[in-house]
Amino acid sequence: METPVGTAVHWKAIGLIETLGVVNLMEAADAMVKASAVELIGYENIYDGYVSVMVQGETEACRAAVNAGVKAVKALGQEPYSSVVIAGPHPELHKIIARYSIDGLDD
């Protein structure tokens with residue numbers, strides 16, 4: 001996304017959870033979007049069964065979503081590999097997010 005010089009852009013926060021297995025991923029993603037006003041924006045099959053899910057929204061909504069997703073994975077008897085909330089992602093991160101976006105997938 002190009003922004004004219006001097007124009008401020010409000011980038012939404014992003015929240016991510018990385019875990020092992022699609023079942024854990026689906027449980028985390030379901031809990032995340034049910035917990036707060038976030039939008040599911042992407043996922044990635046990383047390696048050796050590790051997968052990640054990304055949401056975006058306001059910072060506190062992303063925090064609540066990530067916490068709910070982590071709790072959901074733990075309820076399955078698993079541990080998330082990692083999780084993070086990036087409150088003010090740099091615009092360059094959207095190049096990475098676009099690569100893993102769910103845009104274009106059939107509903």
Side-chain angles (χ1 to χ4, degrees):
M1 172 179 191
E2 284 190 38
T3 305
V5 175
T7 302
V9 173
H10 174 73
W11 295 98
K12 292 181 179 181
I14 57 174
L16 300 99
I17 295 177
E18 186 176 356
T19 189
L20 183 62
V22 173
V23 171
N24 293 331
L25 172 82
M26 294 298 288
E27 195 70 20
D30 185 57
M32 292 170 85
V33 296
K34 287 178 177 176
S36 63
V38 293
E39 176 188 7
L40 182 63
I41 58 168
Y43 75 97
E44 174 63 8
N45 183 2
I46 302 168
Y47 63 92
D48 290 341
Y50 283 96
V51 289
S52 64
V53 60
M54 290 183 280
V55 296
Q56 72 177 355
E58 297 302 319
T59 302
E60 289 307 314
C62 284
R63 281 195 182 105
V66 167
N67 289 338
V70 166
K71 184 177 177 181
V73 172
K74 288 182 176 184
L76 293 174
Q78 302 294 319
E79 286 292 322
Y81 183 71
S82 63
S83 63
V84 69
V85 173
I86 302 174
H90 190 279
E92 290 293 311
L93 286 183
H94 286 273
K95 293 176 182 176
I96 297 170
I97 293 168
R99 176 169 169 12
Y100 301 111
S101 174
I102 60 173
D103 288 342
L105 292 179
D106 293 331
D107 291 324

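In what follows, residues are counted from 1 in the order of the sequence shown. Everything numeric here is computed off the predicted structure, so don't read it as measured data. These values consider heavy atoms only, across backbone and side chains, with no hydrogens, waters or symmetry-generated copies.
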Linking I/L/V/M/F/W/Y whenever their side-chain heavy atoms sit closer than 4.5 Å, directly or via other members, would [X] and [Y] fall into one cluster?
X	Y	value
I86	I41	yes
I46	Y81	yes
M54	I96	yes
L76	M26	no

Might you point out which heavy atoms bring [X] and [Y] nearest each other, and give the distance in Å?
X	Y	value
V85	T59	CG1-O, 4.3 Å
E58	A13	C-CB, 4.1 Å
A61	A37	CB-O, 3.8 Å
S83	I17	CB-CG1, 4.1 Å
A35	A68	CB-CB, 3.4 Å

When you compare the side chain of [Y] with that of [X], does any pair of heavy atoms fall below 4.5 Å?
X	Y	answer
V84	V66	no
V73	E79	no
Y50	L20	yes
M32	C62	no

Checklist entry - Should E18 and S82 be marked as a side-chain hydrogen bond (donor to acceptor under 3.5 Å, both in side chains) after you check the CA-CA gap, both sets of side-chain angles, and the distance that decides it? => result CA-CA 5 Å; E18 186 176 356; S82 63; 3.2 Å; yes
ask   = CD/E27 to CG/L25 distance, rounded to the nearest 0.5 angstrom?
value =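 Answer for the CD-CG pair, E27 versus L25, is 10.5 Å.
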Worksheet item: Can any side-chain N or O of N67 pair as donor or acceptor with the backbone N or O of R63 at less than 3.5 Å?
Response: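 Confirmed, N67 side chain pairs with R63 backbone.
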